[in-house]
Amino acid sequence: MPELPEVETIARQLRARGIEGREIGSAQVNWERTVAPLTAATFSKQVCGVTITQISRVGKWILFSLSSGQTLMIHLRMAGRFSMEPGAHDRLILRLSDGLSLYYRDTRKFGRWRLVDDPEVILSKLGPDALTRKFTLSYFTETLRKRQRKIKPLILDQAIVAGLGNIYADEALWESKIHPERVSNTLNDAELKNLFKAIKHVLRVGVKNRGTSLGKGKTNYRDVEGETGGHRAEVKAYGRGGQPCKRCKTPLKKTVVAQRGTHFCPSCQLR
DNA sequence: GAAGACCTGCTA
DNA sequence: TAGCAGGTCTTC
């Protein structure tokens, strides 16, 4: 569930909570696959006594730089979240200096904590982060022209551009009036530019609103403080099948594209 | 490409 | 009870 804006919100809040500079006294791993391929014992041993020097984000990854020289790379997948308070479904707990604890909660157990010597082993497989200057219009244009693939799965592909997930992909396509099944190399210059700008726009606004929370319950997105994201009210396409388009009033359609639920306006997003 | 796997919980 | 969910990985 968390995409770039949600992950960025969480990284900012972890810094605001003073996690940087704290030493890990011990790690309690309650679901061993979270730290795979390491075992819980090896993971705990390797992070014990190590200080978290810096917290950053690339795409949907959260990076904890460690004083040991290693990097703890965390991917929240569908339902991972952090809390400063204990709760149900805590899969990993870091006991930090000064009595502070950091709780990693993950109802669906999909999230992964990777302890690596060199983060590039993972990061080099990603395309540029959508909100950095590395993600340029010329890169985007050249990359999409070379491909002959439906546009929605292309912009969801983290090796092309890192950060978009199913919500913001639908939002960016709605914003730029492009049908999700358009084939990438049929897009003209104006369309490519509009889509590029829309991707940056929807993600920036998403960050400003501290992410998007939809449904209810234990798998719904919450930030570190337990708050829902404020972007829900700004969503134009995702989850709005059957409701009127906010541009032209035509009822939006919900279909499946590349095995993902997809929401679009059949009137203003032309194929 | 598509389908299944990994998981649990919510909704219809 | 079946179907679906904000993500990715593996295997056809």
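To find a chain, count down the sequence lines: A is the first, B the second, and so on, and within it residues start at 1.
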Determine all donor-acceptor pairs shorter than 3.5 Å in which one atom belongs to a side chain in residues 223-231 of chain A; sequence neighbours excluded.
residue	atom	partner	partner atom	Å
A:D223	OD1	A:E225	N	2.9
A:D223	OD1	A:G226	N	3.1
A:D223	OD1	A:E227	N	2.9
A:D223	OD2	A:Q13	NE2	3.0
A:E225	OE1	A:R17	NE	3.4
A:E225	OE1	A:R17	NH2	2.8
A:E225	OE2	A:R17	NE	3.1
A:H231	ND1	A:N209	ND2	3.0

Exercise. Any chance the rings of A:Y103 and A:F82 have centres within less than 6.0 Å?
Worked result: no
Exercise. Does a donor on one side chain and an acceptor on the other come within less than 3.5 Å for A:N185 and A:K146?
Worked result: no
Looking at every non-hydrogen atom in both residues, tell me the closest pair between [X] and [Y] and how far apart they are.
| X | Y | result |
| --- | --- | --- |
| A:I151 | A:L187 | CD1-CD1, 3.7 Å |
| A:C265 | A:T250 | SG-CB, 4.2 Å |
| A:L4 | A:A162 | CD1-O, 4.0 Å |
| A:L192 | A:L137 | O-CD1, 4.1 Å |
| A:R91 | A:T107 | NH2-O, 3.1 Å |

Distances under 3.5 Å between nitrogen or oxygen atoms of protein and nucleotides 8-12 of chain C:
residue	atom	partner	partner atom	Å
C:dT8	OP1	A:H75	NE2	2.9
C:dT8	OP2	A:K60	NZ	2.7

Base, sugar-phosphate alone, or nothing: which one does [X] contact when heavy atoms must sit under 4.0 Å apart?
| X | answer |
| --- | --- |
| A:L76 | nothing |
| A:N220 | base |
| A:K125 | nothing |

Pick the [atom1] atom in [N] and in [M], then give their distance to the nearest Å.
| N | M | atom1 | answer |
| --- | --- | --- | --- |
| C:dA5 | B:dG1 | C1' | 22 Å |
| C:dT8 | B:dC10 | C1' | 22 Å |
| B:dG9 | C:dC9 | C1' | 23 Å |

Problem set entry | Gap between atom CD1 of A:I155 and atom OG of A:S184 - 0.5 Å precision | 11.0 Å
For this session: Working to the nearest 0.5 Å, report the span between CG of A:L92 and CG of A:L94.
Result: 5.5 Å
Problem set entry | Closest-nucleotide ordering on DNA chain B, the 5'-leading residue of A:H89 and A:Q259 |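 Here A:Q259 is the residue nearer the 5' end.
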Seminar exercise, completed: Those residues at least two apart in sequence (or on a different chain) that pass side chain to side chain donor-acceptor pair (under 3.5 Å) with A:R15 are none
Exercise. What pairs with A:R105 under side chain to side chain donor-acceptor pair (under 3.5 Å), at least two apart in sequence or on another chain?
Worked result: A:D90
Exercise. Are A:V121 and A:L38 co-members of a hydrophobic cluster defined by side-chain heavy atoms under 4.5 Å apart?
Worked result: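 As far as the 4.5 Å side-chain criterion goes, A:V121 and A:L38 are not connected within one cluster.
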Seminar exercise, completed: The complete set of ring pair (Phe, Tyr, Trp, His ring centres under 6.0 Å) pairs with one or both residues in residues 8-61 of chain A, sequence neighbours excluded, reads A:W61-A:H75
Exercise. Does anything in residues 241-271 of chain A pair up under ring pair (Phe, Tyr, Trp, His ring centres under 6.0 Å), and if so which pairs, sequence neighbours excluded?
Worked result: A:H179-A:F264, A:Y238-A:H263
For this session: Please list, by residue number, the residues of residues 167-183 of chain A whose heavy atoms come closer than 4.0 Å to an atom of DNA chain C; answer none if no residue qualifies.
Result: A:I167
Exercise. For DNA chain C, which residues in residues 2-15 of chain A have a heavy atom at a distance below 4.0 Å?
Worked result: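 Output list: A:E3.
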Exercise. Counting a pair only when it is Watson-Crick or G-U and both distances are under 3.5 Å, which runs of at least 3 such pairs involve DNA chain C?
Worked result: B:1-6 with C:7-12, B:8-12 with C:1-5
Exercise. Remaining members of A:F110's ILVMFWY cluster at a side-chain heavy-atom cut-off under 4.5 Å?
Worked result: A:M78
Problem set entry | Under-4.0 Å salt bridge between A:R182 and A:E191 | yes
Problem set entry | Rounded distance in Å - CE (A:M78) to C1' (C:dG6) |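 The distance from CE of A:M78 to C1' of C:dG6 comes to 6 Å, rounded to the nearest Å.
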Exercise. First and last nucleotide of DNA chain B touching chain A, 5' to 3', heavy-atom cut-off 4.0 Å?
Worked result: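 For DNA chain B, the relevant span reads B:dA2 to B:dT11.
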Problem set entry | Any donor-acceptor N/O pair, A:R204 side chain to A:L131 backbone, under 3.5 Å | no
For this session: Mind running a 4.0 Å heavy-atom check of residues 107-119 of chain A against DNA chain B and sending the residues that fall below it, in number order?
Result: A:T107, A:R108, A:K109, A:F110
